[in-house]
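Positions are given from 1, in the same order as the sequence printed here.
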Amino acid sequence: MLARQVRSGLTETIHDGAVAVVGADNELIAAYGDIDRPFFIRSAAKPFQALVSQESGAGLEPLELAMACASHRGFPVQVELVRSVLERGGLHESALQCPPDWPLSPVASRLASETGLAGSPRRIWHNCSGKHAGFLRACVGAGWPIADYLDPGHPLQERLVDVVSELGDFAAGPVGVDGCGSPVLRTTARAMATLYARLATTPRLWEVFTAMHRYPALIGCNGEGDTEIAIATNCVAKGGAQGCIGVAVPGTGGIGVKSWDGLGSVANLGAAVALDQIGRLPNGPRAALEKVLRPPVMGGGREVGRLEPEFTLS
């Protein structure tokens, strides 16, 4: 098992998953579980989707590129950066085709309410609006239509499948539909680790890596597993819905983790433990990541247990 949930000294639930570590030469160096079982990569694909947007003519500045990689929480700085991506392309937020939503962060929702902005959900508040704004800028740059930019047959989406398949050494199609309406790509823990190894080591991806490395709090939010891993370890990390995360480890390669029961906390734990087991988690970062390595289990507003890691990489 990947982890077990312990409450009052009793093991209540076990959680399984898959972990793959791929080296800078794109060869598998360590693994746990069924690393070739397919699943949807969800938002962990955003760095590579941002790469394709940029290569297609999006012309994003570093902060804007970080937002194209982000699952943002709706804080004012994040929303204004998404707006900048749109406005510099001559676009309005009405061009976004992600669903109207509220900010993911309760703090951001309160800020929006206090400033009189929270009358109804908005597309720009959707956590994927930065990715969608990058898509739109790519369409403007390449001269592609924007009305159907989410159609799987659109030139941008076809290019995305081709590039992610190439970088991950795994066929990313046929696609599904993500929560934001975008085509969602297939992967495995091994393929995700390969993608993130290339993010860490390939010059083609250096611009994306640098933007994410400089602005980890924009990618998610302080306190979120991927942001905390990135800050504590000097890596780049990006989580995806339903319990997956990729980590780009400079000088080493990439890590891909999937929790089969879809828990992000289990996937984040798996990534942090994998970093520890490959020697990339010294004592300082290990202490900083205590709540990622052993996430608290809450009950009645108080901590009643913890998740404990249970796996060893082979």
Side-chain angles (χ1 to χ4, degrees), residues 1-22 28-45 71 104 127 176 178-179 184 186-196 220-221 223-230 232-233 235 237-247 249 254-278 280-281 285-314:
M1 73 183 112
L2 206 63
R4 61 189 173 94
Q5 183 184 121
V6 178
R7 297 190 191 211
S8 302
L10 301 174
T11 299
E12 180 179 88
T13 310
I14 61 173
H15 306 276
D16 208 358
V19 183
V21 183
V22 166
L28 184 70
I29 59 176
Y32 167 82
D34 186 354
I35 63 170
D36 294 314
R37 175 178 165 182
F39 57 92
F40 284 131
I41 190 170
R42 305 296 298 267
S43 285
S71 295
L104 276 183
N127 76 93
D178 213 337
V184 63
R186 295 169 67 250
T187 193
T188 64
R190 186 200 301 264
M192 179 183 283
T194 301
L195 285 165
Y196 277 82
C221 177
E224 297 291 333
D226 50 6
T227 292
E228 292 302 305
I229 288 170
T233 64
C235 296
K238 183 70 190 77
Q242 295 183 313
C244 65
I245 187 172
V247 184
V249 189
I255 298 170
V257 184
K258 171 62 178 173
S259 162
W260 295 130
D261 54 9
L263 290 179
S265 57
V266 173
N268 296 336
L269 174 155
V273 171
L275 282 163
D276 193 18
Q277 292 187 11
I278 65 173
R280 292 302 303 266
L281 201 63
R286 186 183 294 110
L289 291 176
E290 177 61 24
K291 287 189 176 181
V292 177
L293 286 161
R294 290 175 174 80
V297 175
M298 306 302 291
R302 62 187 178 89
E303 184 177 322
V304 296
R306 285 189 174 271
L307 289 179
E308 295 284 347
E310 285 292 324
F311 72 97
T312 301
L313 293 172
S314 60

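- Here Ile14 contributes atom CD1 and Gln5 contributes atom CD; the two are 11.5 Å apart, rounded to the nearest 0.5 Å.
- Evaluated for a side chain to side chain contact (heavy atoms under 4.5 Å, CB included) with Cys235, the options Ile255, Asp226, Leu275 yield exactly one hit, Leu275.
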Please table the atom pairs, donor to acceptor, closer than 3.5 Å between any side-chain atom in residues 299-308 and protein atoms at least two apart or in another chain.
| from | atom 1 | to | atom 2 | distance (Å) |
| --- | --- | --- | --- | --- |
| Glu303 | OE2 | Arg306 | NE | 3.1 |
| Glu303 | OE2 | Arg306 | NH2 | 3.4 |
| Arg306 | NH1 | Arg294 | O | 2.3 |
| Glu308 | OE1 | Arg294 | NE | 2.9 |

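- Atom CG of residue Leu28 and atom OG1 of residue Thr194 lie 8.0 Å apart, to the nearest 0.5 angstrom.
- With contacts defined as side-chain heavy-atom distances shorter than 4.5 Å, the pair Leu289/Thr233 qualifies.
- The minimum heavy-atom distance between Val273 and Pro309, with the atom names listed, is CG2-CB, 3.6 Å.
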Got a list of side-chain donor-acceptor pairs under 3.5 Å for residues 33-40, not counting sequence neighbours?
| from | atom 1 | to | atom 2 | distance (Å) |
| --- | --- | --- | --- | --- |
| Asp34 | OD1 | Asp36 | N | 3.3 |
| Asp34 | OD1 | Arg37 | N | 3.4 |
| Asp36 | OD1 | Arg190 | NE | 2.7 |
| Asp36 | OD2 | Arg190 | NH2 | 2.9 |

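- Here the side chain of Ser259 pairs no donor or acceptor atom with the backbone of Gly264 at under 3.5 angstrom.
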>> Run Asp261 and Thr13 through side chain to side chain contact (heavy atoms under 4.5 Å, CB included) and show every step you take.
In response: CA-CA 11 Å; Asp261 54 9; Thr13 310; 5.5 Å; no
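- Taking both residues in full, the closest heavy atoms of Ala20 and Ala189 are given as CB-O, 3.5 Å, listed atom of the first, atom of the second, then distance.
- In this structure, Cys244 SG and Arg42 CZ are separated by 8.0 Å, a value rounded to the nearest 0.5 Å.
- Taking NZ from Lys238 and OG1 from Thr227, the interatomic distance works out to 8.0 Å, rounded to the nearest 0.5 Å.
- Ile29 contributes atom CD1, which lies 6.0 Å from atom CD1 of Ile278 (distance to the nearest 0.5 angstrom).
- Taking each heavy atom of Ala272 and Ile229 in turn, the nearest pair found is N-CD1, 4.4 Å.
- In this structure, Ile245 CD1 and Asn268 CG are separated by 4.5 Å, a value rounded to the nearest 0.5 Å.
- Under the side chain to side chain contact (heavy atoms under 4.5 Å, CB included) criterion, Ala191 pairs with Phe170, Thr187, Thr188, sequence neighbours left out.
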> Stepwise, does the side chain to side chain contact (heavy atoms under 4.5 Å, CB included) test hold for Phe311 with Leu2?
Replying inline: CA-CA 5 Å; Phe311 72 97; Leu2 206 63; 3.5 Å; yes
